[in-house]
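The shown structure was predicted, so the numbers you read here are calculated from the model rather than taken from an experiment.
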Amino acid sequence: MKRFSAFNAVSLTLGFAFLYLPMIILVIYSFNDSKLVTVWAGFSTRWYGELMQNEAFLDAAWVTIRVAVASSTIATVLGTMAAYVLVRAGRFHGRTLFSGMIYAPLVMPEVITGLSLLLLFIGIGLDRGIVTIILAHTTFSMCYVSVVVSSRLVSFDRSLEEAALDLGCTPFEAFRLVTLPIIAPAVISGWLLAFTLSLDDLVIASFTAGPSATTLPIKIFSAVRLGVSPEINALSTLMIAVVTVGVITASLVSKRASIRQQAEAQAAVRA
């Protein structure tokens with residue numbers, strides 16, 4: 001019995017084409033010399049040069065990067081702490097409510113989340129800007145980090161922590177020296193996931209952004225409503241390149257960490 005039939009090959013090819021062919025076409029037309037995005041007029045990089053001189057897009061990109069880095073970092077810290085409590089604390093009073101509040105943004109529509117945060121910021125008198133966007137992105141991305149880290153903590157061998165405690169480590173030192181290095185690939189994956197979600201968010205940011213802070217997705221959406229320009233193709237290509245480099249880097253880091261852990265485990269067994 002063949003495991004990989006012609007039907008599977010065709011289905012896989014069509015699936016990948018459906019996912020990645022539009023991106024490939026977008027990347028190709030970002031090097032188009034024509035102002036018309038659907039008419040090829042020769043290879044050129046002029047739109048990348050014009051993009052670098054577009055202050056509106058550059059300001060929006062800088063705001064987006066600042067928001068993504070800050071919100072993903074805060075979400076990683078809070079999500080890791082929440083995952084540790086859910087996995088290690090066992091049954092405690094209010095656990096159901098706590099876990100429900102952590103995982104609620106996973107199933108909550110973004111419109112509801114954005115509207116509720118907008119009403120909250122208006123109620124407490126907080127002016128909308130970069131701070132409100134960071135708080136909003138931290139709120140909905142923290143749950144994704146918690147899910148990723150929880151899955152790693154569930155399969156974690158607690159005897160390693162117990163050995164560190166027997167050797168004189170405090171609980172915090174055992175976590176810092178033993179637990180955190182082992183779950184570091186999951187923490188890094190959670191950070192990258194939160195960073196990508198913040199970089200891509202449009203709905204929640206449109207509710208919580210103010211006139212002084214416009215993210216790149218909002219700027220692109222506003223520009224596309226007037227027509228797609230070659231500069232948007234160039235900008236989208238750069239975003240695809242950044243995300244691709246980030247994913248490859250994270251994969252290499254995780255692979256090296258896994259290889260190092262296996263080598264250390266084999267060395268310990270031999271010793």
Rounded distance (nearest 0.5 Å) linking atom OG of S189 with atom CD1 of I183:
11.5 Å

Once you round to the nearest 0.5 Å, how far does CG of D127 lie from CD1 of I122?
10.5 Å

Audit row: I74, I134, side chain to side chain contact (heavy atoms under 4.5 Å, CB included) steps and yes/no
CA-CA 9 Å; I74 299 173; I134 292 175; 4.2 Å; yes

Tell me whether S198 contacts the main-chain N or O of F195 through its side chain, where contact means a donor paired with an acceptor under 3.5 Å.
no

same_hphob_cluster(L180, L167) at 4.5 Å side-chain heavy-atom cutoff:
no

L117 with I130, same ILVMFWY side-chain cluster at under 4.5 Å
yes

L153/T179 under side chain to side chain contact (heavy atoms under 4.5 Å, CB included): CA gap, chis, key distance, verdict
CA-CA 9 Å; L153 285 172; T179 307; 4.2 Å; yes

Restricting to non-hydrogen atoms, name the atom on I102 and the atom on C143 that form the minimum distance, rounded to 0.1 Å.
O-CB, 2.8 Å

Does CZ in R256 sit with more than 12 non-hydrogen atoms of other residues, nucleotides or ligands closer than 6.0 Å?
no

Smallest heavy-atom separation, F207 atom then V203 atom, equals CD1-O, 3.1 Å

Mind checking whether V85 and F98 have side chains closer than 4.5 Å, heavy atoms only?
yes

Would you confirm whether W47, through its side chain, and N32, through its main-chain N or O, come within 3.5 Å as a donor-acceptor pair?
yes

Of the non-hydrogen atoms in G79 and M142, which two are nearest, and what is the gap between them?
N-CG, 3.5 Å

Counting C-beta onward and ignoring hydrogens, is there a side-chain heavy-atom pair between L106 and F140 closer than 4.5 Å?
no

For Y20 and F16, take the angle between the two ring planes, folded into 0 to 90°, and tell me which bin it lands in: parallel under 30, tilted 30 to 60, perpendicular over 60.
parallel

State, with a plain yes or no, whether a side-chain heavy atom of L238 is found less than 4.5 Å away from one of L51.
yes

Please confirm whether the backbone N or O of L135 pairs with a side-chain atom of T139, one donor and one acceptor, at under 3.5 Å?
yes

Hydrophobic cluster membership, I218 vs L58, 4.5 Å side-chain cutoff:
no

Spacing of I188 atom CD1 and L193 atom CG [to the nearest 0.5 Å]
13.5 Å

If the plane angle is over 60° it's perpendicular, under 30° parallel, otherwise tilted; pick one for F43 and F31.
parallel

Any side-chain heavy-atom pair of M239 and I220 under 4.5 Å:
yes

Looking at side-chain heavy atoms only, is the closest gap between N54 and E50 below 4.5 Å?
no

Would you please test R152 and V148 for side chain to side chain contact (heavy atoms under 4.5 Å, CB included) and show each step?
CA-CA 7 Å; R152 181 64 184 92; V148 174; over 6 Å; no

Interatomic distance, OH@Y144 vs CG@L192, rounded to 0.5 Å, equals 16.0 Å

N/O donor-acceptor pair under 3.5 Å between T64 side chain and L216 backbone
yes

With a 3.5 Å distance limit and no angle check, can you tell me whether E173 reaches the backbone of T170 through a side-chain donor-acceptor pair?
yes

Step by step, would you call T214 with V63 a side chain to side chain contact (heavy atoms under 4.5 Å, CB included)?
CA-CA 7 Å; T214 301; V63 170; over 6 Å; no

Step through the shown structure and confirm whether more than 12 heavy atoms of other residues, nucleotides or ligands are within 6.0 Å of CE on M52.
yes

Are I248 and I240 co-members of a hydrophobic cluster defined by side-chain heavy atoms under 4.5 Å apart?
no

Which atom pair, heavy atoms only, marks the closest approach of S236 to L26?
CB-CD2, 3.5 Å

Following the transitive rule for hydrophobic clusters with a side-chain heavy-atom cut-off under 4.5 Å over Ile, Leu, Val, Met, Phe, Trp and Tyr, establish whether F18 and L21 coincide in one cluster.
yes

Heavy-atom check, side chain of H137 versus side chain of L197, under 4.5 Å:
no

How many angstroms lie between CD1 in I124 and OG1 in T132, if you round to the nearest 0.5 Å?
9.5 Å

Report, as yes or no, whether the 6.0 Å neighbourhood of atom CZ on F172 holds more than 12 heavy atoms from other residues, nucleotides or ligands.
no

So how far is it from T113 OG1 to D201 CG, rounded to the nearest 0.5 Å?
9.5 Å

If you define the side chain from C-beta out and look only at heavy atoms, does anything of V77 sit under 4.5 Å from V145?
no

How far apart are the closest heavy atoms of C169 and L165, and which atoms are they?
O-CD2, 3.3 Å

I112 backbone acceptor or donor facing S116 side chain under 3.5 Å:
yes

4.5 Å side-chain heavy-atom contact, L86 and Y103:
yes

Shortest non-hydrogen contact between P181 and R176, atoms and distance:
CD-O, 3.3 Å

Looking just at side-chain N and O atoms, do S30 and Y48 make a donor-acceptor pair shorter than 3.5 Å?
yes

